[in-house]
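Below is one structure, written out as structure tokens; comments come after it.
Every value quoted in this text rests on a predicted model; they were computed, and no experiment measured them. The basis for the numbers below is simple: all heavy atoms, side chains too, and nothing from hydrogens, waters or symmetry mates.
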Amino acid sequence: MILRFRLRNKNRKISLQLQDILAGAVFAVFFAYLLFTGEPVYTGDTFQHENQMIMREPGYALLIQFLRFLSPKRHYWILIALQNLLAAAANTAVVVFMRRRFGLGMPGVCVFTGILLVPHIMTPMFSSTHLVLTNALMTEGILFSLYPLAFIQLLRAMWSGRPMGRESICALVGLFVLSLIRGQMMVLFVVWFLLMFVLTVIRGVQENEKMGERNNTFVLAENIGRQGLMAMIAAFIIVFAARSLVIHVYNYCEQGLFVDTASGTAMSFANVLYVADREDGAAIEDDALRALFYEMYDSADADQMNYKYAPSGILGRAAHHEQCHDDLNFIYFAEPAKRYIGETKNIYPDRYQELMIAVDEVAGTLSAQLMPQVLGRYILNYFSVAALGFVRTVAYEHPVLVWYAVFLYAAAVVLTLLLWRQSPQSRAASFMAAVLLTIAGNVCATALMIQCISRYMIYNLPLFYMAGFLELRDGVFRFMERNKDGI
């Protein structure tokens, strides 16, 4: 009998290993095909990374620099080979993690393998850029692989039960690295903080119950503090400060300017310019700046780059804003602003990095003085852009699929609450809760700065569908458990 048990256990291990190997083989073949049938795709972002401009974070730029040092003529090919190799390895690691944590069989492994490939299929087929992500010389080429790895480390931290344990620190370090590749990833710092805070509260409540002090608020506060609350707050502040310091030092070493990443304020000002009316310019105190605003507004309005020309409906308004945003930023705002800065500060394109810092300062001044005038229209436009972002996170933008997305989010929230009610320890429910929190953070933060295009949104698409699959499976199993006696 013991021998039979050992053989059965050995066969099961071999079966699980074969599942992992199969998933890895699928990813290897898929990304090898993308590599050998494609080529490096050079974009405007690539130029900025390649030249270590202050508008970009240091991570990807330093990687390009290092590979160019290794091979000045073939570094782009090495980079996309690295990106495709990383995609195959990272996605395999995610499937293995999910199989082990949730006891997935072969059908589940196959489903998760397919889900993880969706962003790499959707973007070339449906996005406006039609980019093959892992062949693109931009941050998405590497972040779509690193992002799910960082997220599963976040899940490890959440499930470890230790708010400031080794898993939590490792998760924060991973998120720090991602934020040095793309600023958009800073929203994950907030997600980490909120998840760890909830964990400290849960553990504090549990300690209160053990001590028989369930209703004692003072004891509860003390128990929450003992779970590492102050250390967590300190880590949260330190990671922001450390990121800022690293970027300042990087820009000083590369450009001689001890500054943070520039261009974010200019991008967000495009949203203000889009919802402005001409009479709003009266709020600008400086005569020269007011004249600059009128010039920007009149040229943009003449080309219908304004909220007044948007079609009706949420999708229509968001789509029109999206079509206008980049032109408002790079043409209607940036070009007059550069000329204004040259005339007033004698900073010209031969000092390009300083010029871009000054452009950001002009954008900040205009935003501060115009925002009280445009706030209502700004909020309305913001909700339209964010709504499209939520849709694009889980689906393609289409009037029918909007309702599909609404149904998915509602179902996810309801199912999460039901599973938590039945079992507060449900990992499927906590997985979905973390995904929904991350989606909300990503969409809301991105809509403040720029348009919610697909390649900014679909980082969380595979995670959402994997969490949904696990919740449905968990719900079915629990239903069968409750009703097995009646069958």
Side-chain angles (χ1 to χ4, degrees), residues 41-68 76 79 129 131 136-143 176-187 240 243-274 296 322 324-342 345 347-367 442 445-453 455-456:
V41 181
Y42 194 95
T43 69
D45 289 3
T46 312
F47 177 82
Q48 294 180 358
H49 290 299
E50 188 177 39
N51 291 279
Q52 289 78 50
M53 292 189 173
I54 60 170
M55 293 85 76
R56 296 291 173 179
E57 286 75 21
Y60 203 67
L62 289 173
L63 177 61
I64 290 177
Q65 241 181 325
F66 175 70
L67 296 179
R68 186 169 54 200
Y76 284 152
L79 181 54
T129 58
L131 284 174
L137 302 169
M138 55 202 307
T139 53
E140 285 84 356
I142 197 167
L143 274 177
F176 174 76
V177 172
L178 262 61
S179 75
L180 291 177
I181 299 173
R182 188 174 183 85
Q184 179 186 359
M185 298 295 114
M186 282 195 293
V187 71
F240 271 104
R243 180 184 183 276
S244 179
L245 179 61
V246 167
I247 292 175
H248 276 74
V249 171
Y250 163 79
N251 284 329
Y252 181 77
C253 293
E254 294 287 359
Q255 305 294 345
L257 299 168
F258 193 72
V259 294
D260 209 336
T261 305
S263 81
T265 310
M267 280 193 300
S268 60
F269 174 69
N271 294 337
V272 176
L273 183 59
Y274 177 76
M296 296 172 186
E322 188 171 299
C324 298
H325 183 276
D326 282 352
D327 285 343
L328 286 172
N329 181 15
F330 297 117
I331 299 175
Y332 297 94
F333 164 68
E335 294 307 318
K338 290 174 185 176
R339 189 184 68 250
Y340 166 84
I341 291 164
K345 298 184 178 181
I347 302 175
Y348 295 97
D350 59 329
R351 295 157 61 192
Y352 189 76
Q353 311 293 342
E354 294 174 65
L355 180 61
M356 295 311 297
I357 294 171
V359 166
D360 241 29
E361 291 172 352
V362 170
T365 302
L366 289 172
S367 292
N442 182 50
T446 304
L448 282 174
M449 301 296 296
I450 197 170
Q451 68 270 43
C452 291
I453 60 177
R455 63 186 172 94
Y456 300 159

For the student: nearest non-hydrogen atoms of [X] and [Y], plus distance:
{"X": "Gln52", "Y": "Gln255", "answer": "O-NE2, 2.8 Å"}
{"X": "Ala266", "Y": "Val359", "answer": "CB-CG1, 4.4 Å"}
{"X": "Tyr456", "Y": "Asn442", "answer": "O-ND2, 3.2 Å"}
{"X": "Leu143", "Y": "Leu178", "answer": "CD2-CG, 3.7 Å"}
{"X": "Ile181", "Y": "Ile142", "answer": "CG2-CG2, 4.2 Å"}
{"X": "Ala445", "Y": "Val187", "answer": "CB-CG2, 4.4 Å"}

Measure the spacing between [atom1] of [X] and [atom2] of [Y] and express it to the nearest 0.5 Å.
{"X": "Asp326", "Y": "Ile450", "atom1": "CG", "atom2": "CD1", "result": "5.5 Å"}
{"X": "Leu257", "Y": "Met356", "atom1": "CG", "atom2": "CE", "result": "12.5 Å"}
{"X": "Asn329", "Y": "Ser268", "atom1": "CG", "atom2": "OG", "result": "9.0 Å"}
{"X": "Cys253", "Y": "His248", "atom1": "SG", "atom2": "NE2", "result": "13.0 Å"}
{"X": "Ile453", "Y": "Thr446", "atom1": "CD1", "atom2": "OG1", "result": "9.5 Å"}

(request) Can you sort out the partners of Arg68 under salt bridge (Lys or Arg N to Asp or Glu O under 4.0 Å), two or more places apart, ordered by chain and number? (result) Glu50

I'd like to know if the side chain of [X] reaches the main chain of [Y], judged simply by a donor and an acceptor atom lying under 3.5 Å from each other, with no hydrogens or angles considered.
{"X": "Asn51", "Y": "Phe47", "value": "yes"}
{"X": "Ser367", "Y": "Ala363", "value": "yes"}
{"X": "Gln353", "Y": "Ile54", "value": "yes"}

(message) Applying side chain to side chain contact (heavy atoms under 4.5 Å, CB included) to Ile341 and Tyr348, what does each step give before you reach the verdict?
(response) CA-CA 8 Å; Ile341 291 164; Tyr348 295 97; over 6 Å; no

(request) Determine, stepwise, if the pair Ile357 / Ile347 fulfils side chain to side chain contact (heavy atoms under 4.5 Å, CB included). (result) CA-CA 10 Å; Ile357 294 171; Ile347 302 175; over 6 Å; no

(message) Walk me through whether Phe176 and Val246 qualify under side chain to side chain contact (heavy atoms under 4.5 Å, CB included).
(response) CA-CA 11 Å; Phe176 174 76; Val246 167; 4.1 Å; yes

Side-chain contact test, heavy atoms from C-beta onward, threshold under 4.5 Å: evaluate it for [X] versus [Y] and give yes or no.
{"X": "Leu245", "Y": "Tyr250", "value": "no"}
{"X": "Met296", "Y": "Leu328", "value": "no"}
{"X": "Lys345", "Y": "Glu354", "value": "no"}
{"X": "Glu140", "Y": "Arg182", "value": "yes"}
{"X": "Gln451", "Y": "Asn271", "value": "no"}
{"X": "Leu355", "Y": "Asp350", "value": "no"}
{"X": "Leu180", "Y": "Ile247", "value": "yes"}
{"X": "Gln65", "Y": "Glu254", "value": "yes"}

(request) Could you list the residues that satisfy side-chain contact (heavy atoms from CB on, under 4.5 Å) with Asp45, not counting sequence neighbours? (result) Thr43, His49, Arg56, Met138, Arg455

(message) Tell me whether Tyr252 at atom OH has more than 12 heavy atoms from other residues, nucleotides or ligands lying less than 6.0 Å away.
(response) no

(request) Answer yes or no: are there more than 12 heavy-atom neighbours, outside Phe66 itself, under 6.0 Å from its atom CZ? (result) no

(message) What I want to find out is whether Glu57 reaches Arg243 closely enough, with some N-O distance under 4.0 Å, to be called a salt bridge.
(response) yes

(request) Could you check Tyr332, Phe330, Phe333, Tyr274 and say which one makes a ring-ring contact (aromatic ring centres under 6.0 Å, His included) with Phe269? (result) Phe333

(request) Using the side chain to side chain contact (heavy atoms under 4.5 Å, CB included) rule, take Phe258 and Val249 through it: C-alpha gap first, then chi angles, then the decisive distance, then the call. (result) CA-CA 6 Å; Phe258 193 72; Val249 171; 4.2 Å; yes

